[in-house]
Amino acid sequence: MSSTQIQEEKYLDIINQFALGLLNQSTIKETLWSVIDNVVSKLDFYDCAIYLLDEKKEHLIQVASQAYKDKEPRNTDATLIRVGTGIVGKAALDQKATITKDTSLSDDYITDDQWRFSEITVPIIHENELIGVIDSEHPEKNFFQPIHLNILTTIASMVAIKIVQARHLENLEEREKSFDLIYSSTNDLMFLMEVEPNEVFRCVSVNRAYLELSGKDKKEVIGKTIDEIWDTNHAQVIITYYQQAIATKKPVTYQIQFDSEEGQRIIETKVTPVFDYRGKCTNLSGISRDITAAQVAKNELKYEREKYQTLFSKANDAIFISKEDIIIECNERTLEIFGREREELIGHSPYELSPEFQPDGGASNRRMDMGNFQWVHNKKDGTPFTADVTLSRFIFKNEEYTQAIIRDVSERIEAEEILRASEKRYRTIFENSLDGIYKSTPEGKFVEVSPALVAMLGYGSEEELLAIDIKKDLYFKEKDRFKHSNQYRLKKKNGEEIWVEDHGFYHYDDMGKVMFHQGILRDVTAKNQKQKEMENLLNMTSDQNKRLQNFAHIVSHNIRSHSANLTSLVSFMEMTQDKKEKEKMFQMLKSSTGQLEETIMNLNEIITVNQNLNKPIEKRNLLEEVEKTLQVLNGEVLESGVEIKVKVPEQLELQIIPAYLDSILLNLISNALKYRREEAKSEINIRAKKTDGAVEIQISDNGLGIDMSTHGDKIFGMYKTFHHNEDARGFGLYITKNQIEAMKGRIEVESEVNKGTTFIIYFHEIH
């Protein structure tokens with residue numbers, strides 16, 4: 001027998017002995033050290049190291065290593081090799097066994113404690129999955145031969161199978177330990193039923209919790225059938241479920257109710273069939289749980305959920321729930337308030353329901369604190385509305401949710417604003433009215449008096465007037481108080497007589513009894529005194545009218561005469577053929593036209609004088625002129641309740657005809673007062689500024705407005721009216737435009753129906 005054959009038999013014997021030795025190994029550690037011992041001692045290797053792949057499959061961890069007993073011990077500090085690094089790492093990455101005959105020629109060789117010139121590396125692989133690597137180095141070049149590679153490859157295959165088996169065994173042992181721990185310590189009831197012929201079910205195992213809940217001894221359960229453990233009714237129900245599990249080959253869950261010393265109990269059980277290799281059911285494993293408290297809680301939760309759902313769906317307020325700023329649920333009222341469909345809300349952000357900014361200037365997408373606050377939202381059509389919002393946050397299954405309860409209070413706020421505005425207007429009128437305003441009781445005491453009434457009756461203060469007895473101190477005769485007359489006389493504090501005009505009414509309670517009298521007293525003493533003066537003025541006016549009529553007759557007669565004369569002369573000229581006669585007629589015609597021109601010039605001169613066209617241009621302060629005009633209109637402003645805002649620079653001056661500017665301001669502001677909208681809070685803005693070498697004056701309102709598409713080219717025409725006011729004659733804007741243009745200015749207008757009108761006037765800037 002040759003030396004080669006002897007060596008092969010030796011190596012084959014080593015493999016057989018190694019295989020037999022593996023049968024006695026049960027752990028991974030024992031298996032790996034068995035390899036180390038056989039490789040180093042029996043194959044005359046210098047050393048051997050075994051690496052296992054870590055869980056992340058990124059590194060090889062050295063778990064066993066030994067040098068030849070007669071050589072220097074191998075340095076085993078480097079116990080971690082990254083997959084793909086070095087000769088060992090490359091073998092793991094490629095999953096190929098390799099022999100490196102001369103490591104000095106390899107760039108992948110990593111020096112350990114000293115340089116060794118040959119290396120053999122064999123991956124441990126099971127079902128194409130890398131488990132680890134067997135590695136050996138030798139100080140001689142070309143030491144390792146193909147026979148060594150074959151032996152190590154065979155050993156690696158056997159080791160792979162053994163490692164997998166050991167790991168499975170370790171996992172199984174761990175599971176058994178875990179199961180035993182759970183089985184003995186869990187509060188759930190666990191049992192095992194054996195299935196005997198004819199589907200007789202006998203208990204073979206129960207845990208501690210089962211015995212504690214049932215109140216039975218182990219002897220009363222183990223080895224007993226279902227019929228022996230339970231009463232007939234319960235046993236039959238349980239057997240039915242067992243049979244169902246066997247028939248369907250699937251777990252079955254059921255509930256059983258029974259009476260115990262602690263009251264009625266509800267047990268929920270999940271039973272799972274176990275089959276042998278022939279498909280026969282041999283056992284039923286079960287796990288039960290006392291769900292009595294859970295069922296009670298479930299029923300209560302169901303009731304609370306139904307109650308909440310009823311409140312949620314039937315609430316008069318909008319309610320929505322959001323998660324991470326996305327609406328996930330809302331009630332029907334939310335759809336009504338926002339005027340949107342459900343799909344337009346669910347899945348969208350609450351910020352989409354609001355304008356970009358709130359009235360306080362803050363952004364609508366800011367995170368608000370929990371609690372109550374007011375917020376402006378938008379309906380689908382863009383209409384804004386104000387709402388009271390109650391915001392709350394809650395945690396459910398470790399996730400945060402936000403609940404918003406929204407109540408539309410826009411009508412309430414609007415009503416409050418109207419009430420406040422009404423109160424403000426009343427108080428403004430009350431405090432500033434030139435007429436006396438009062439409120440009095442049937443017994444004859446003032447409840448409320450205005451400053452004007454105090455002054456009208458000559459008292460020093462409101463308190464002094466409130467203290468008097470109306471019947472005795474105000475009337476000359478007590479019976480005069482009950483005379484139903486629009487005008488009557490009163491007695492001032494100093495005893496003087498005053499005539500007043502009373503516009504009042506009574507307030508009644510539910511029984512029809514007078515609660516108080518409220519009214520306005522106007523001092524008409526001077527009015528009555530001037531009645532006679534008016535009669536005298538009427539007589540004087542009558543004379544003036546006669547003179548005006550004469551002037552009108554003169555104008556009419558003269559113009560008509562000139563017209564008739566001119567018409568006759570033209571007719572004669574057309575009829576005659578005589579040149580001399582025509583020349584004569586022409587001279588007469590020339591004379592008549594000259595007379596007509598003179599008549600017209602005379603009439604224009606009269607008109608010019610009457611209309612103050614020759615008034616000189618003067619420099620005036622615009623703000624003072626505006627304030628003067630507002631003083632003239634103060635009564636109308638107070639009566640109408642219109643809010644007037646003036647924004648005119650204090651030093652702004654104009655060169656104008658004062659009478660014309662008075663007329664222009666008076667006409668435009670009075671028009672704004674006259675054509676206001678009753679349903680809206682009226683506002684007039686008067687602004688002025690310098691722009692592009694001119695002074696720009698704006699007078700704007702939020703009144704009825706004018707349809708520009710229909711009347712835009714007629715606004716400044718004579719006799720043109722655009723509303724149905726009885727006193728409208730169509731002269732004002734025509735006159736205003738002519739007055740502005742006479743002062744080298746111009747006027748523009750912007751208007752929209754039910755939105756308001758803005759007049760813009762331009763005058764040359766003073767230099």
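Not measured: the values here are computed from a predicted model. What's counted below: heavy atoms across the whole structure, side chains too, no hydrogens, waters or symmetry copies.
- Using a 4.0 Å cut-off between charged side-chain N and carboxylate O, Lys90 and Asp108 make a salt bridge.
- Side-chain contact between Ser392 and Thr402 is absent, with no heavy-atom pair separated by less than 4.5 Å.
- Looking at every heavy atom in both residues, Ile81 comes nearest to Gly89 through CG2-N, 4.2 Å.
- Here the straight-line distance linking atom CG of Asn207 with atom NZ of Lys218 works out to 10.0 Å at 0.5 Å rounding.
- Nearest heavy atoms, Ser354 versus His377: OG-ND1, 3.2 Å.
- Using a 4.5 Å heavy-atom cutoff, the side chains of Phe357 and Ser364 are not in contact.
- With hydrogens and angles left out, the side-chain atoms of Asn372 and Thr390 include a donor and acceptor closer than 3.5 Å.
- Using a 4.5 Å heavy-atom cutoff, the side chains of Phe373 and Met368 are in contact.
- Using a 4.0 Å cut-off between a side-chain N of Lys or Arg and a carboxylate O of Asp or Glu, Asp54 and Lys56 do not qualify as a salt bridge.
- Contacts of Arg342 classified as salt bridge (Lys or Arg N to Asp or Glu O under 4.0 Å), with partners at least two apart in sequence or in another chain: Glu329.
- The nearest pair of heavy atoms linking Leu52 to Leu32 is CD1-CD1, 4.0 Å.
- Asp276 and Thr282 share no donor-acceptor pair across their side chains, judged by distance under 3.5 Å alone.
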How far apart are the C-alpha atoms of Phe338 and Lys380, what are their side-chain angles, what is the distance that settles it, and do they pass the side-chain contact (heavy atoms from CB on, under 4.5 Å) test? CA-CA 6 Å; Phe338 286 94; Lys380 182 179 179 180; over 6 Å; no
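- Side chain of Ser136 to backbone of Asp47: a donor-acceptor contact under 3.5 angstrom is found.
- The aromatic ring centres of His148 and Phe45 sit less than 6.0 Å apart.
- For the pair Ile321/Cys330, no side-chain contact is recorded, criterion being any heavy-atom separation below 4.5 Å from C-beta on.
- Using cut-offs of 30° and 60° for the angle between ring planes, the Trp115 and Tyr109 rings count as tilted.
- Looking at Leu284, Thr269, Val204, Ile222 one by one, the single match for side-chain contact (heavy atoms from CB on, under 4.5 Å) with Phe191 turns out to be Thr269.
- There is a side-chain donor-acceptor pair under 3.5 Å between Asn331 and Thr334.
- Residues Leu80 and Ile61 have side chains in contact (heavy-atom distance under 4.5 Å, counting atoms from C-beta outward).
- Between atom CD of residue Glu400 and atom CZ of residue Arg393 there is a gap of 6.0 Å, rounded to the nearest 0.5 Å.
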Could you please spell out the steps behind the side-chain contact (heavy atoms from CB on, under 4.5 Å) verdict for Ile120 and Lys101? CA-CA 8 Å; Ile120 185 169; Lys101 294 182 178 182; over 6 Å; no
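- One finds the CD1 atom of Ile287 at 10.5 Å from the CD atom of Glu268 (value rounded to the nearest 0.5 Å).
- Other residues, nucleotides and ligands place more than 12 heavy atoms under 6.0 Å from the CD atom of Glu343.
- Phe201 pairs in a side-chain contact (heavy atoms from CB on, under 4.5 Å) with only one of the listed residues (Ile239, Thr225, Ile238), which is Ile239.
- Of all the heavy atoms in Leu130 and Pro123, the pair that sits closest is CD1-CB, 3.9 Å.
- Contact between Glu199 and Ile246 at its shortest, heavy atoms only, is OE2-CD1, 4.5 Å.
- The backbone N or O of Ser349 sits less than 3.5 Å from a side-chain atom of Glu352, completing a donor-acceptor pair.
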Applying side-chain contact (heavy atoms from CB on, under 4.5 Å), run through Thr121 and Ile134 and close with a yes or a no. CA-CA 6 Å; Thr121 309; Ile134 300 174; over 6 Å; no
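- A salt bridge between Glu399 and Lys323 is present, with a side-chain N of the basic residue lying under 4.0 Å from a carboxylate O of the acidic one.
- Arg407 places no side-chain N or O within donor-acceptor distance of the main-chain N or O of Asp317, the cut-off being under 3.5 Å.
- Between Ile229 and Glu220, the shortest heavy-atom distance links the atoms CG1-O, 4.4 Å.
- Between Glu194 and Arg202 there is no salt bridge, since none of the side-chain N atoms of the basic residue sits less than 4.0 Å from a carboxylate O of the acidic one.
- Counting only distance, with no hydrogens or angles, the side chain of Glu344 and the backbone of Glu341 share a donor-acceptor pair below 3.5 Å.
- Using modelled atom types, no side-chain atom of Asp231 and backbone atom of Ala235 make a donor-acceptor pair closer than 3.5 Å.
- Of the inter-residue distances, the one linking Leu149 atom CG with Thr154 atom OG1 reads 9.5 Å to the nearest 0.5 angstrom.
- Counting heavy atoms from C-beta outward, Arg289 and Leu189 have side chains that stay 4.5 Å or more apart.
- Taking a cutoff of 4.0 Å between a charged side-chain nitrogen and a carboxylate oxygen, Glu129 and Lys57 qualify as a salt bridge.
- The aromatic rings of His138 and Phe143 lie parallel to each other, their planes meeting at an angle below 30°, with 60° marking the opposite boundary.
- Under a cutoff of 6.0 Å and an axis angle of 45°, Lys280 and Phe275 do not form a cation-pi pair.
- Using modelled atom types, one side-chain atom of Thr31 and one backbone atom of Thr27 make a donor-acceptor pair closer than 3.5 Å.
- Taking 4.0 Å as the cut-off between side-chain N and carboxylate O, Asp360 and Arg366 count as a salt-bridged pair.
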side-chain contact (heavy atoms from CB on, under 4.5 Å) assessment of Leu60 paired with Val88: CA-CA 9 Å; Leu60 294 165; Val88 174; 3.7 Å; yes
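- Taking CD of Glu336 as the start and CG of Asp408 as the end, the distance is 11.5 Å to the nearest 0.5 Å.
- Between Val35 and Ile155, some side-chain heavy-atom pair lies under the 4.5 Å cut-off.
- Side chain of Asp94 to main chain of Lys96: no donor-acceptor pair is present (N/O by atom type, distance under 3.5 Å, no hydrogens or angles).
- Note that CZ of Arg340 is 8.5 Å distant from NE2 of His348, once rounded to the nearest 0.5 Å.
- For Glu58, the CD atom sits in a packed shell: over 12 heavy atoms of surrounding residues, nucleotides or ligands are nearer than 6.0 Å.
- At distances below 3.5 Å, not a single donor-acceptor pair connects side-chain atoms of Thr386 with backbone N or O atoms of Val376.
- Taking 4.5 Å as the limit, every side-chain heavy atom of Met193 sits out of range of all side-chain heavy atoms of Asn283.
- The backbone N or O of Glu30 lies less than 3.5 Å from no partner atom in the side chain of Ser34, so there is not a single donor-acceptor pair.
- Here Lys29 pairs with nothing under the salt bridge (Lys or Arg N to Asp or Glu O under 4.0 Å) rule; sequence neighbours left out.
- Scored by the ring pair (Phe, Tyr, Trp, His ring centres under 6.0 Å) test, Tyr401 finds Phe394 as partners (sequence neighbours excluded).
- For the pair Arg265 and Asp290, the salt-bridge criterion is met [side-chain N within less than 4.0 Å of a carboxylate O].
- In terms of modelled atom types and a separation under 3.5 Å, the side chain of His234 and the main chain of Gln257 share a donor-acceptor contact.
- For the pair Lys379 and Phe385, the distance from NZ or CZ to the six-membered ring centre is under 6.0 Å and the angle to the ring normal is within 45 degrees.
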